[in-house]
Asks: 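Structure incoming, see below.
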Amino acid sequence: MSGESKSLNFIEHIIEEDLANGLSKDKLRFRFPPEPNGYLHIGHTKAIGISFGLGEKYKAPVNLRFDDTNPAKEEQEYVDAIKRDIEWLGYKWENELYSSDYFQKLYDWAVQMIKDGRAYVDSQSSEAMAEQKGTPTQVGTNSPYRNRSVEENLDLFQRMKAGEFEAGKHILRAKIDMEDPNMLMRDPIMYRILYAHHHRTGDDWCIYPMYDWTHGESDYIEQISHSLCSLEFKPHRKLYNWFREHVYEYSKEILPLPPKQREFARLNLSYTIMSKRKLLRLVEKGIVTGWDDPRMPTISGLRRRGYTPNSIRKFIEKVGVAKRENVIDVSLLEFCIREDLNKTTNRVMAVLNPVKVIITNYPDDKEEWLEAENNQEDASAGYRKVPFSKEIYIEKEDFKEEAGNKFFRLKLGGEVRLKNAYIIKANSVIKGDNGEVKEIHCSYDTDTSKKVKGTLHWVSVKHAITAEIRVYDRLFSDEAPDSHPDKDFMEFINPNSLKVSTAYLEPSLADAKIGECFQFQRLGYFNIDDDSTPNQLVFNKTVGLRDSWAKQKPKPQNNQNQSKPQQQKRPAISVIKQLGKKYTNLSEEKQLKVKNEIQELAKGVAYDELEPLFGTAVKKAGTRIAVMITLKEMLKSGLEQNNTITEFINKALEDKNELLVNEAKTI
RNA sequence: UGGCCCAUGGUGUAACUGGCUAACACAUCGGUUUUUGGUACCGAAGAGUCUAGGUUCGAAACCUAGUGGGCCAACCA
């Protein structure tokens, strides 16, 4: 028992149950088994968070095991990147291991399996074998080589290993059941011949074990208690268990714990993709600058973008663990990073889209260094000085010649506070030929105790330093870009996912270092990109601040929140059902309103849709009332009354709910 | 046409394993505070738990059927 009151997810329930049934707590052991064929992405952090999180929770070891059985795809670069990312997230593995460490052991067991008649060498083409395999709805047929003698199998397998055959000539298969409804049980391949250089074993082997044979047995060798993976491996469980059962027979004295595999739903994030193969395409096609492009959902991309390990771990915790398909809204990720950065980053002032303000009553060459608080969320962050002078920049967006009183910013004749400085009043503007405001002439007031609605950030023109700012938008314009069977995800690429501009910053930023994070006051969180140099600062926008003002505005051309379509398209009948649910709880006045609504919706309902609802459970009076109202409307507009309808009405007349009876009566 | 898995507010997870008004977080909408239209705080709206039967004093949970979604036919993992 772990004693907390926090609710457990289904995997924790399983573990608690195993513990309660006698599994000793010190036998708990987990693993994270990436294939080193690409970079880790936010989806992997869920798997990482689950297994490493369990390790932390139960103080159990967690192995990092590279599942490196396919030398054709795997590279050392990926091994290094994966280790870097996991470390960065703050997790510690017990052992760094490789499936390739077990090649000899696996081979010995395979020989044993052959001797026991549980595996055989097949010598057909892959096409022929695919044909014999059948389909999900059709059983397979046995290979003509299925009944080779043990001696022949042994001889062939040894010669496969010795490199006597060309690739594809022979394979080793488990002898299970070609008629099993689970395709994975139809004599699955255990070994194939592959003349490829392996990043660890070099050219020692020319036969390589397949995933199913390798993965489960690696778990077993490492004495993993719970082998956790994503849902698509559910069908593999039967095979996992089959292999395990036999190998257990060979080694139970030395390896007493048979591991168990359990599956959870993987993480999907809206407006992005999670497939390594597809991410690789983005890299190769030059859509992004690399695996660590700040727009990528990779861990290295998020890191470069300014996400913190803390925020990602928090995110994974909030997302939860279950077995149903899910799509997590990016807003949750954004919430997590804001929450973290709000507490930790220093506030600074930067103007991204400047317009000049001249303070006419401020002496020409005067300058003052005013005190500014670094972080009001963290008293220990201290203060810094920011320079003030006659000419400053503010954001173009923060000024309007005229505006209503919901606009808290600067307007002609209006006053506004300059953060950490004075209160200014706009008196006049100077415009360029095209009518654009070039300068705003203001007067300042040293009485800062006044109450004014708005506070603006600003930067002194002559003290300002410049920097390149990279602002990112989502990479795809579609909520689930790779879920369209008829369209390629590349069609949804957002051409405006990167905007580069030059900004003016307060001079304290001059010696900021790569990776450092700031809040640009009123704008968002920004960090210094890897491309930054002392001569040319480069900032990434990690995420904007929440902006309740932007939401009220008519809406710029931002593609941020396209209206959610699902509300529009809902069929009338389902809206009616929903309205009905609440009907009996409403005030009389509201009931009338809802009734009108239902009557209106009734026009869009077909009788076929309505009839099934006649059977609605008696206790759901509201739904039945809504159905009755709809029915009445449809009868009015010419629907012919049949027996089913009459029956429904009669049943309603006898109901104990008065509202329903009344509706029925008026038909 | 077979097998397996899944179904709870817009989204994601809970519900002490059959027992209070179905909880929490994000998102949404109000309000208070505020030298960030941020943060913090307070509040509101939103779910008869896919549908229909059944078991039971009692079902989101158990059973049956249906509907919808996902996965499975790589010498990938």
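Computed from heavy atoms alone, side chains included, the values below leave out hydrogens, waters and symmetry copies. No experiment lies behind these values; they were computed from the predicted model shown. In the text below, chain A, chain B and the rest are named by the order of the sequence lines, each starting its count at 1.
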Asks: Name the atoms and distances for all side-chain donor-acceptor pairs under 3.5 Å in residues 331-339 of chain A, with sequence neighbours left out.
Replies:
from, atom 1, to, atom 2, distance (Å)
A/S331, OG, A/D329, OD1, 3.3
A/R338, NE, A/G544, O, 2.6
A/R338, NH2, A/G544, O, 3.3

Asks: Could I get the full list of ring-ring contact (aromatic ring centres under 6.0 Å, His included) partners for A/H13, not counting sequence neighbours?
Replies: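 Partners of A/H13 under the ring-ring contact (aromatic ring centres under 6.0 Å, His included) test: none.
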Asks: In whole angstrom, give me the gap between the P atoms of B/A61 and B/C6.
Replies: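 Those two atoms are separated by 15 Å.
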Asks: Using the P atoms only, state how far B/C24 lies from B/A15, rounded to an integer number of Å.
Replies: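 Nearest-Å result for B/A15 against B/C24 at atom P: 14 Å.
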Asks: Of all residues at least two apart in sequence or in a different chain, which pass the side chain to side chain contact (heavy atoms under 4.5 Å, CB included) check with A/E377?
Replies: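 With sequence neighbours excluded, A/E377 shows a side chain to side chain contact (heavy atoms under 4.5 Å, CB included) to A/N342, A/R347, A/N375, given in chain and number order.
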Asks: When rounded to the nearest Å, what value does the distance between P atoms of B/U67 and B/C75 take?
Replies: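 Per the computed distance, 34 Å lies between those P atoms.
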Asks: For RNA chain B, please output the secondary structure as dot-bracket, reading 5' to 3'. Pairs are Watson-Crick or G-U wobble, both atom distances under 3.5 Å; mark crossing pairs with [ ], other-strand partners with |, unpaired with a dot.
Replies: .((((((..((((.....[...)))).(((((.......))))).....(((((..]....))))))))))).....
Asks: Can you find a side-chain donor-acceptor pair between A/H198 and A/E74 that sits under 3.5 Å?
Replies: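 There is no such pair (donor and acceptor under 3.5 Å, judged by atom type) between the side chains of A/H198 and A/E74.
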Asks: According to side chain to side chain contact (heavy atoms under 4.5 Å, CB included), who are the partners of A/N21, at least two apart in sequence or on a separate chain?
Replies: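 In terms of side chain to side chain contact (heavy atoms under 4.5 Å, CB included), with neighbours along the sequence ignored, A/N21 is linked to A/E17.
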Asks: Within the sub-3.5 Å range, which N or O atoms of nucleotides 28-31 of chain B have a protein N or O partner, and how far apart are they?
Replies:
from, atom 1, to, atom 2, distance (Å)
B/U28, OP1, A/K551, NZ, 2.9

Asks: A/F32: what forms a ring-ring contact (aromatic ring centres under 6.0 Å, His included) with it, not counting sequence neighbours?
Replies: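 ring-ring contact (aromatic ring centres under 6.0 Å, His included) list for A/F32, sorted by chain: empty.
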Asks: Base contacts versus sugar-phosphate-only contacts with protein, heavy atoms under 4.0 Å: please encode nucleotides 71-77 of chain B as B, S and - from 5' to 3'.
Replies: SBB-BBB
Asks: With a 4.0 Å cut-off, would you call A/K314 and A/D340 a salt bridge?
Replies: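 No, no charged N to carboxylate O under 4.0 Å.
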Asks: How does protein reach along nucleotides 14-23 of chain B, written 5' to 3' as B (base within reach of a heavy atom under 4.0 Å), S (only sugar-phosphate), or - (no contact)?
Replies: SS-B------
Asks: Please name all residues satisfying ring-ring contact (aromatic ring centres under 6.0 Å, His included) with A/F66, sequence neighbours left out, ordered by chain then number.
Replies: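 With neighbours one apart ignored, the set is A/Y98.
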Asks: Relative to the 5' end of RNA chain B, which residue comes earlier, A/K46 or A/E339, by the nucleotide with the nearest heavy atom?
Replies: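 Whichever sits nearer the 5' end wins; that is A/K46.
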Asks: Using the P atom on both, measure B/C63 against B/A7 and round to a whole Å.
Replies: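 It comes out at 13 Å once rounded to the nearest Å.
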Asks: Would you measure the distance from the C1' atom in B/C20 across to the matching atom in B/A27 and give it in whole Å?
Replies: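 Rounded to whole Å, the distance is 29 Å.
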Asks: Using a 4.0 Å heavy-atom cut-off across all strands, classify A/V327 as base, sugar-phosphate, or nothing.
Replies: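 Sugar-phosphate: the residue A/V327, judged by heavy atoms under 4.0 Å, touches backbone atoms but no base.
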Asks: Between A/Y307 and A/F315 (judged by ring centroids, cut-off 6.0 Å), do the two rings come close enough to count as a pair?
Replies: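 No, they do not, as the ring centres are separated by 6.0 Å or more.
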Asks: Can you name the closest pair of heavy atoms from A/A265 and A/E325 and give their distance?
Replies: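 Distance-wise, the nearest heavy atoms are CB-N, 4.4 Å.
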Asks: Does A/H236 have any ring-ring contact (aromatic ring centres under 6.0 Å, His included) partners at least two apart in sequence or in another chain, and if so, which?
Replies: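 Counting only residues at least two positions away or on another chain, A/H236 forms a ring-ring contact (aromatic ring centres under 6.0 Å, His included) with A/Y211, A/F233.
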Asks: Can you list the residues that meet the salt bridge (charged side-chain N to carboxylate O under 4.0 Å, His left out) rule with A/R31, with sequence neighbours excluded?
Replies: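 None.
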Asks: Side-chain N or O of A/R338 versus OP1/OP2 of B/G38: is the shortest distance under 4.0 Å?
Replies: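 No, no such contact exists.
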Asks: Taking B/G19 as the reference, what is the distance to B/C62 when you measure between their P atoms (whole Å, please)?
Replies: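 12 Å, rounded to whole Å.
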